[in-house]
Amino acid sequence: MQHQSNDFLDAEQKSFDDSVRAIEEWWKTPRQQHIKMPYSAKTIAALRGSETVPCISSAAALKLWDMLREHRAKGTAELTFGATDPVAVSQMAKHMRTVYVSGGLSGFSENNYPGMDHADYPWDTVPKVVDKIFRSEVWHDQRQRQFRMSHKLQDRTSLENWDLMPIIADGDMGFGSLTTTIKSTKALAESGAAGIHIDDLAIGLKKFTVGQGRTVVPTSEYADRVKAIRLQLDIMGAETLLFARCDTDHAEFITSVVDPRDHEYVLGATNDVKPLQQVINEAITAGNSALEARTQWMASAGLKTFDEAVRAVCNNDQFNEYQAQISYGTSLFQRRAAARAATGADVAFDWELPRSQNGQYMFRQTVKTIVERALVVAPLSDLSWTRMDSPNYHDIKEYHETMLSHLPERMFAFAWGGEWPFPEPAGWTPERRKNASSIMAKEFGVVWQVQPMYMIQGVNMEIERSAEMWTKEGIGGYYEKIQTAAVSRKPFKVDGYEKMSWCGGYLSDAFFAAVSGEEISRR
Ligand SMILES: C[C@](O)(C(=O)O)[C@H](CC(=O)O)C(=O)O
């Protein structure tokens with residue numbers, strides 16, 4: 001242990017004070033200044049070690065920030081795909097400027113126990129993919145630069161010169177309590193993620209496919225997750241962008257009613273019925289269908305939000321009087337009192353009766369719910385993102401326009417599905433569908449748009465076609481349809497296994513040459 005003399009203590013205090021000042025200055029930079037930190041620079045400085053190692057992803061994060069701000073000013077968007085394979089990413093770089101590391105895709109391709117996207121893969125799955133892609137990008141950059149420097153200056157204009165693409169990574173719901181969220185944030189930023197998204201889904205309950213079941217956490221828990229990520233990024237001094245994704249669209253359950261801000265959306269039984277779980281258990285014991293029992297119960301329970309229950313039992317004047325007493329965040333307890341005052345009676349409503357086997361409460365979201373959640377976490381994050389199951393333009397418009405009425409400068413992200421219809425009742429025509437990406441950018445500031453699952457659909461299509469061709473036509477077909485087509489692609493060929501190009505054979509040669517003392521760069 002170091003001797004703790006007065007000089008040592010003074011130096012230690014000075015270094016701490018310097019660190020506090022440096023953090024305060026950092027928070028004033030154009031990249032950081034819009035974030036409303038809920039803690040002081042002193043808190044952050046005290047959570048740091050005595051030496052802060054510069055974060056590897058900060059340069060890419062600043063590049064991403066500038067790129068997205070520029071899009072925001074111009075009403076344009078950065079379009080990308082989800083990817084997990086560095087080889088695919090190297091080709092994306094010829095047209096795109098960012099890459100998305102999809103958790104869902106990682107769950108299929110980077111996991112020895114693949115399966116549908118329930119975000120049930122180990123928490124370090126995505127950071128490992130980010131790491132792999134980041135290192136691969138750095139290597140391509142190295143070999144490309146070496147190749148350029150081995151040519152005369154006037155010859156370099158015709159050589160490939162792809163940029164390193166900032167990586168946006170799927171942080172899902174943080175994979176656990178705050179400590180896991182903090183660790184996974186650290187791992188993502190240290191692996192090279194320039195942006196991270198976090199959502200408000202309940203851990204272990206991500207279900208997009210099976211009938212009912214999407215479950216969100218209370219607003220307060222979501223806010224704490226976002227806060228935990230911001231805290232960790234500040235501890236690291238990382239510029240990494242935080243995309244606050246909200247998965248409340250089509251959510252049917254909420255884990256708890258601890259936060260009064262969610263009470264308005266919780267469903268209760270308004271009829272005199274048994275608890276749902278009791279009815280289901282009785283059906284199972286009697287050998288009847290649990291699903292049927294559930295359906296019948298749902299039809300008989302008179303499920304309503306509390307406000308709907310009030311509306312159903314009072315006249316317009318009474319309802320207006322009730323509404324004047326409530327606002328965002330009014331608890332059920334206060335709502336009951338307001339209803340009693342307006343109607344002179346207790347309103348029948350029980351949110352315990354519909355609870356699920358896991359204890360979840362039934363929930364009915366609206367676009368307003370999503371906006372409220374998004375506004376709670378906006379001051380701590382850099383972009384907002386509402387996750388949707390289908391592109392309902394009316395909802396998209398309502399969400400973004402309401403957000404913009406509160407935060408005119410806000411930037412947004414959006415993910416397009418691979419099997420989405422664009423029907424007219426949902427606000428689309430074939431013409432509008434063609435321009436959907438630019439409509440979103442221009443009208444709402446959706447500056448970053450992704451097709452996360454392209455590798456499943458698009459690449460699968462290419463592979464499936466090639467497999468058919470190869471088995472039917474052999475090397476003759478390959479020569480003509482793949483080799484010749486790839487090599488003659490303009491302005492640059494599609495990279496293949498040619499030792500002196502994409503594979504960087506010249507880089508290996510340069511290592512040999514440098515070790516033997518040969519000069520390799522040419523001016
Ligand atoms: C975007 C997403 O986070 C992903 O992992 O790619 C998924 C995609 C999906 O499962 O459809 C998501 O939207 O949650």
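In what follows, every heavy atom counts, from backbone to side chain, and hydrogens, waters and symmetry copies are set aside. Counting starts at 1 for both ligands and their atoms, in listed order.
Side-chain N or O atoms of Y478 include none that pairs as donor or acceptor with a backbone N or O of W470 at under 3.5 Å.
Close N/O approach between L105 and ligand 1 is not found [any backbone or side-chain N/O within under 3.5 Å]. Considering backbone and side-chain atoms together, D247 places no N or O closer than 3.5 Å to any N or O of ligand 1. Below 3.5 Å of separation, one finds an N or O of S102 facing an N or O of ligand 1.
Which parts of ligand 1 touch D170 is read off a 4.0 Å heavy-atom cut-off, strictly below it: atoms 2 (C), 3 (O), 4 (C), 5 (O). Each of the following atoms of ligand 1 lies closer than 4.0 Å to a heavy atom of P452: 1 (C), 6 (O).
Remark: among candidates M455, K206, R387, the nearest residue to atom 13 (O) of ligand 1 is R387, based on non-hydrogen atoms. Of the candidates V450, D117, T84, the one placing a heavy atom closest to atom 10 (O) of ligand 1 is D117.
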Residues 443-453, side-chain donor-acceptor partners within the protein, below 3.5 Å, at least two apart:
residue, atom, partner, partner atom, Å
E443, OE1, Y393, OH, 2.4
W448, NE1, T98, OG1, 3.0
Q449, OE1, W416, NE1, 3.0
Q449, OE1, S437, OG, 3.1
Q449, NE2, S437, O, 2.9
Q449, NE2, V446, O, 3.1
Q451, OE1, M453, N, 2.8

Exercise answer: donor-acceptor pairs, residues 454-462 side-chain atoms, under 3.5 Å, sequence neighbours excluded:
residue, atom, partner, partner atom, Å
Q457, NE2, G418, O, 3.1
N460, ND2, I456, O, 2.4

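Atom NZ of K183 has 12 or fewer heavy atoms from other residues, nucleotides or ligands within 6.0 Å. Residue Y113 qualifies as open at atom OH: its count of foreign heavy atoms under 6.0 Å is 12 or below.
Ring centers of F306 and F349: under 6.0 Å apart, within the cut-off.
For the pair M116 and ligand 1, no heavy-atom separation below 4.0 Å is found.
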